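As structure tokens, the structure follows; a few thoughts come after it.
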Amino acid sequence: MATGKKSARRKGDATTINEVAARAGVSPMTVSRVINGNGNVRDSTRERVLRAIRELGYTPNLAASSLAAAQATRIALIYTNPSAAYLRELLLGALRGTARTAVQLVIDAWDELDADGERASARALAKSVAGVILPPPLCESKVVLSELAAAGVPVVAIASDLRGTGISRVRIDDFNASKETAAYLISLGHRHIGYIKGNPDQTASARRFEGFQAALDEAGIAADPALVQQGYFTYRSGLKAAEKLLARRSRPTAIMAANDDMAAAVVSVAHRRGLEVPGHLSVVGFDDSSAATTVWPELTTVRQPIASMADSAIDILLRTIRQRESEPRVLVDHVVAHTLVKRASVAPPAARD
């Protein structure tokens, strides 16, 4: 015969998070935040929740709570990068990192935005995500960085050596990577080396060119401004720069480009002019993106592990997000190893007539 009384808890029934929340006078989400060590909880509230957990003998499902916390974390990757090959590697690493951690990833392109557009977009973004990953060139936009900083949103920059910005970074040593590459060409006998710069608004461009110059200086090779052309990390800019360099009466025996897209363009111009690579011209790129192996001959290049860098950026960002508010924010400058990948686009210089 049924009665109006609720049945007592059966022995062995587990205490639920809702019961803990009711005892502490808070929401289940607040209990979850306390369990996961989230810093956005007042100390007095945290103590009430912990006391309720002790009194009720609540044992959280740590695996489930970790997953729930991850799924409740939304981070953004915002890009405006002209290199499709670079972007492909970047997204691969970011997706791999978010799949491993189960966080929500928001991906958006901010192409062709002026300063006002970047400012408005950054303000809107700050209201909807817990952290942001910025690859170049957005990672060096003062407008974007200042807006996100003002909103207290943590940022991790990829492939940036911009200092004094109060953000964490994942990068390679662009200076030494470029210096090592130029030294390799010099060791083969090249002394008349052309160079195509990257976008002038990015610190990586400056560091790579500085490394190139340092290698020339150490070898006692006088720098020739006529052998340096401005590029913008795009295939088209590489075409224009290569045309200028290879139209010279005394053309270079080797050309270094600040990324693979521009180096691939050099190979294309060389072939069109009837020059053999590497018989008449050695060509070197940077990044080891898919562009390096889709041209013939395949490019000698610096391997920048872009996908791994994006994956690492996810980890750094999550650690920052989950820090307690009372703890000082730790800035990370994570420098990953680079590799000079030697392929078929480089050889000793041919004897000149």
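Every value quoted in this text rests on a predicted model; they were computed, and no experiment measured them.
Scanning all heavy atoms of the two residues, the minimum distance from A94 to A310 falls at N-CB, 3.6 Å. For V335 against I172, the heavy-atom pair with the smallest separation is CG1-C, 4.1 Å. When every heavy atom of A226 is checked against every heavy atom of L245, the shortest pair comes out as O-CD2, 3.9 Å. Scanning all heavy atoms of the two residues, the minimum distance from Q230 to A241 falls at O-CB, 4.2 Å. Between T73 and A130, the shortest heavy-atom distance links the atoms CG2-CB, 4.3 Å.
Contact annotation: the side chain of V346 approaches that of V284 to within less than 4.5 Å [non-hydrogen atoms, C-beta and beyond]. Taking the side chain as every heavy atom from C-beta outward, E276 and L281 never approach each other to under 4.5 Å.
For the pair S178 (side chain) and D174 (backbone), a donor-acceptor distance under 3.5 Å is absent.
Side chain to side chain, T253 and H192 fail the donor-acceptor criterion of an N or O pair below 3.5 Å. No hydrogens or angles considered: a donor-acceptor pair under 3.5 Å links the side chains of S27 and T30. E140 and S160 share a side-chain donor-acceptor pair at under 3.5 Å. Side-chain atoms of N199 and S205 form no donor-acceptor pair, as typed in the model, at a separation below 3.5 Å. Between the side chains of E180 and H338, at least one donor N or O lies within less than 3.5 Å of an accepting N or O.
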Run the salt bridge (Lys or Arg N to Asp or Glu O under 4.0 Å) check on D333 and R171 step by step: do they pass?
CA-CA 8 Å; D333 182 17; R171 61 186 179 89; 2.9 Å; yes
S289 and E89: side-chain hydrogen bond (donor to acceptor under 3.5 Å, both in side chains), yes or no, with the steps?
CA-CA 7 Å; S289 65; E89 292 295 310; over 6 Å; no
Give the C-alpha distance, both sets of side-chain angles, the deciding distance and a yes or no for salt bridge (Lys or Arg N to Asp or Glu O under 4.0 Å) between R343 and D288.
CA-CA 11 Å; R343 297 196 180 102; D288 197 28; 2.9 Å; yes
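If you take CG on N259 and CZ on R208, they are separated by 7.0 Å, rounding to the nearest 0.5 Å.
Ionic pairing of E210 and K179 is not present here: no N-O contact between side-chain nitrogen and carboxylate oxygen is shorter than 4.0 angstrom.
Transitive grouping of hydrophobic side chains (ILVMFWY, heavy atoms separated by less than 4.5 Å) keeps I158 and I78 in distinct clusters.
For F175, there are no ring pair (Phe, Tyr, Trp, His ring centres under 6.0 Å) partners, not counting sequence neighbours. With sequence neighbours excluded, the residues that form a ring pair (Phe, Tyr, Trp, His ring centres under 6.0 Å) with Y195 are F209, F212.
Among the candidates L317, V106, V132, the single residue satisfying the side-chain contact (heavy atoms from CB on, under 4.5 Å) test with I75 is L317.
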